[in-house]
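The sequence lines fix the lettering, A, B, ..., with proteins before strands; numbering per chain opens at 1.
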2 protein chains.
Amino acid sequence: MQHLEQMSDKPTTIKEIAKLLDISVSTVSRALNDHSSIGLITKMRVKKMAKELNYEPNQRAIQFLQGKSHTIGVILPELAESFFSAAISGIEDIAYKRNYTVLLAQSHDDADREKLLIEKMKMQRVDGLLISVSKTTNTYEHLEAFKKSNIPIVFFDRIPPVKNIHFVASNLESGTYEAVNFLLKKGHRTIGMINGPTNLVASTERKNGYIKAMTSHRLKFDPSLMLNCDLTEAGTIEAMDTFLNHKRKPTAIVTFNDYVALFAIRYARSLNIQINKDIDFVSYANLPLINYMDFTPIASVEQFPYKQGKKAADILLDLINKPKGDTDSETAYYNVVVESELIIGKEK
Amino acid sequence: MQHLEQMSDKPTTIKEIAKLLDISVSTVSRALNDHSSIGLITKMRVKKMAKELNYEPNQRAIQFLQGKSHTIGVILPELAESFFSAAISGIEDIAYKRNYTVLLAQSHDDADREKLLIEKMKMQRVDGLLISVSKTTNTYEHLEAFKKSNIPIVFFDRIPPVKNIHFVASNLESGTYEAVNFLLKKGHRTIGMINGPTNLVASTERKNGYIKAMTSHRLKFDPSLMLNCDLTEAGTIEAMDTFLNHKRKPTAIVTFNDYVALFAIRYARSLNIQINKDIDFVSYANLPLINYMDFTPIASVEQFPYKQGKKAADILLDLINKPKGDTDSETAYYNVVVESELIIGKEK
DNA sequence: GATTGTTGTGCAAACGTTTGTGTAAATTTA
DNA sequence: TAAATTTACACAAACGTTTGCACAACAATC
């Protein structure tokens, strides 16, 4: 009975239990899994011994045997952005609920690193991949290549311009429509927009929403009021300068995200412009802390990142656990749109 | 030559290569690993075929065979807190550099969830665990139990009061000392401190730093000027009320972190108190965005979370790859202190 | 009392890879 | 030219678990 002191040794295996009880490993395995063909007495004996030895099944062995890792890879640009830290929480919650683990990696908005990470995820044999592509990603062969590996992949938020993919994104067009509409109803007629880089789908959607709102009010779209910006502080300031020297100086500005809004507002204040008086600002919600600031956009488009993460993870796990009949998984793609919502800030 | 079209099938194995070349699997394995006992011609043939079939070694199989997962588990309270999102970047960078992957999970400051996650990490057979315990964790048996599993564990930032553990933390005592010293030099004599819950080591360290600074200026420590707070907004307001009605009303306040500082400053402003005029604020750096605010602490203690994450991961990987001779690993524990630094904000 | 059915268990293969050992053939040495 | 050495490969075991199949023992049926 010296089997009790091997605690701090290697983890107990099914074999040891078998040897100690003088039965076969298959019996032990079946007993632990409550297989119907094992006698009650044997089951009890096995379970008691398993508990005594602190037996825990070696998941790595099981994963290997079954050819499933029960792990999903998640690649996202930057956890420091609260959109993504909220999204990862949604992903994680779904993953753990459905008994999957999460292998995390950040691209830090570096396309090369992203490529490496994707390769690594494939080598790690993740069961599926969730990815929000980096800002700098502009070639897509590696994504196409990954698709060939038969590992399901779901894109979220930052969707690359590639055909036949599954993705989850927020409806930026309708969100922007609402935002611009809100400004129009407030009486604004000259509305500027600091948009993102043209290679992002998100920029196009915002643009479309903007145009739609304008035309629905029978206003003509003035392209000079929509500026593309690299989302840096310098780029934002440049855009602001353009607007402030514009022959049609905007009375309201919609910014691509809260960071841009912050830069723009800070710069405007330095020029003694009265925020939300001389110029109204509307943005897209990214930063929870913006609520604590003294001068914040009067409204913002909430994109529900947590919900988006949940949804994306759910879809991925559905794809992973889809029965073999691939007939429709080859033709049907999840294109899920999470509605965004215009949140109007409390007046100060 | 019909082996070229099995691309979208199951991943290629070493066996298939062996069969196609009519050699043994061991030869293929050794050829791919450039083993000395394999002829040059064979190596070339194998490598060529491997490339042709897009062979990638099955890491899961290797991990299983070697009994190593090459994965570290990371459990932290909340990625939305920028301290942790910075820390995870450091962890990730080291892990990937040293060829490990990161299994991530958030406790969301829930002790029960944390317990479950630890259990799960053990079942997943991670090679090591990195953890920053949740605020609500107040029993430590599960941590002690985990140590018995022989999986190295390194704590960082939020260290539980448990003996004989490896940890990385910032030197809050010296940071606080510097902060209080800075205020004393500015002429303040009545300095309040909104500290954290007493069960956190971090609170004790701040307290010690505070006391040290005071005594070094030959000032007596007034315990009524150090309040313990649950770090919520309500708790902060309560603490502020206590201070404002104190017979020795502080002319400067040190807060546990930026969130508390925000709550305190907002509340003070609502009472028409002039920030950094009537009362000077000093805090600990958590939020990058605090720089964008109009009223921010005049100084803050930077804790270098990225560096801390890197250091913690490095230590963990060293422990994992430590040679078998356990003689000193049983007696010696890494207690690494990352120096913090007082950052004095630009005057506005 | 032979046949079928049920219950409980063991054997062995399989997953993909690495690695220790065995062994031909080719080369060098005496 | 036989013996010793080297070279180049194959065989098989191992990692921990699941699972199809075989098979014994026993009970129930005709």
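In this structure, CD1 of B/I41 is placed 13 Å from P of D/dT7, rounded to the nearest angstrom. The nearest whole Å value for the distance from the CD atom in B/Q63 to the P atom in C/dT18 is 12 Å. Atom P of nucleotide C/dT18 and atom CG of B/L32 are separated by 8 Å, given to the nearest angstrom. As rounded to whole Å, 19 Å separates atom P of D/dA8 from atom CG of B/D22. For the pair B/H35 NE2 and C/dT21 P, the computed distance is 13 Å after rounding to whole Å. The nearest whole Å value for the distance from the NE2 atom in B/H70 to the P atom in C/dT18 is 12 Å. Nucleotide D/dG20 holds its C1' atom 16 Å from the CD atom of A/Q66, rounded to whole Å. One atom, CG of A/L65, and another, C1' of D/dA14, lie 15 Å apart when rounded to the nearest Å.
In summary, of the residues considered (B/L317, B/V126, B/L104, B/T101), a side chain to side chain contact (heavy atoms under 4.5 Å, CB included) with B/I72 occurs for B/L317 alone.
Annotation: side chain of B/L129 is not in contact with side chain of B/P152 (no heavy-atom distance under 4.5 Å). Side chains of B/K43 and B/K48 form no contact here, defined as non-hydrogen atoms less than 4.5 Å apart.
You'll find that the side chain of A/T42 is closest to C/dG8, out of C/dC15, D/dT18, C/dG8. Checked against C/dG20, D/dT18, C/dT18, the side chain of B/N33 finds its nearest nucleotide in C/dT18. You'll find that the side chain of A/N58 is closest to D/dT17, out of D/dT17, D/dC15, D/dT18.
B/T136 and B/D109 are not linked by any side-chain donor-acceptor pair at a separation below 3.5 angstrom, with hydrogens and angles left out of the test. Checked by atom type, the side-chain pair A/Q106/B/S89 shows a donor-acceptor distance below 3.5 Å.
Looking at heavy-atom distances under 4.0 Å, A/I62 makes contact with sugar-phosphate atoms alone, never a base. Among the atoms of the strands shown, none is found under 4.0 Å from any heavy atom of A/G67. Counting non-hydrogen atoms under 4.0 angstrom, A/S29 reaches a base of the nucleic acid.
The side chain of B/K15 contributes an N or O atom lying less than 4.0 Å from OP1 or OP2 of C/dC15. Applying the 4.0 Å criterion to OP1 and OP2 of C/dT9, one finds that A/S24 has every side-chain N and O outside that range. OP1 and OP2 of D/dA8 both lie 4.0 Å or more from every side-chain N or O belonging to B/S37. A/K68 has no side-chain polar atom (N or O) that falls below the 4.0 Å cut-off from OP1 or OP2 of C/dC15.
Under the stacking criterion of a centre-to-centre distance below 5.5 angstrom and an interplanar angle below 30°, B/F64 is not stacked against the six-membered ring of C/dT17.
Toward the 5′ end of DNA chain D lies the nearest nucleotide of B/I38, the other residue of the pair A/Y55 and B/I38 mapping further downstream. Nucleotides of DNA chain C nearest to A/A61 and A/S26 differ in position, and the one nearer the 5' end is that of A/S26.
A/F64 has its ring centre less than 6.0 Å from the ring centre of B/F64.
A donor-acceptor contact under 3.5 Å links the side chain of A/R30 to the base of C/dG10.
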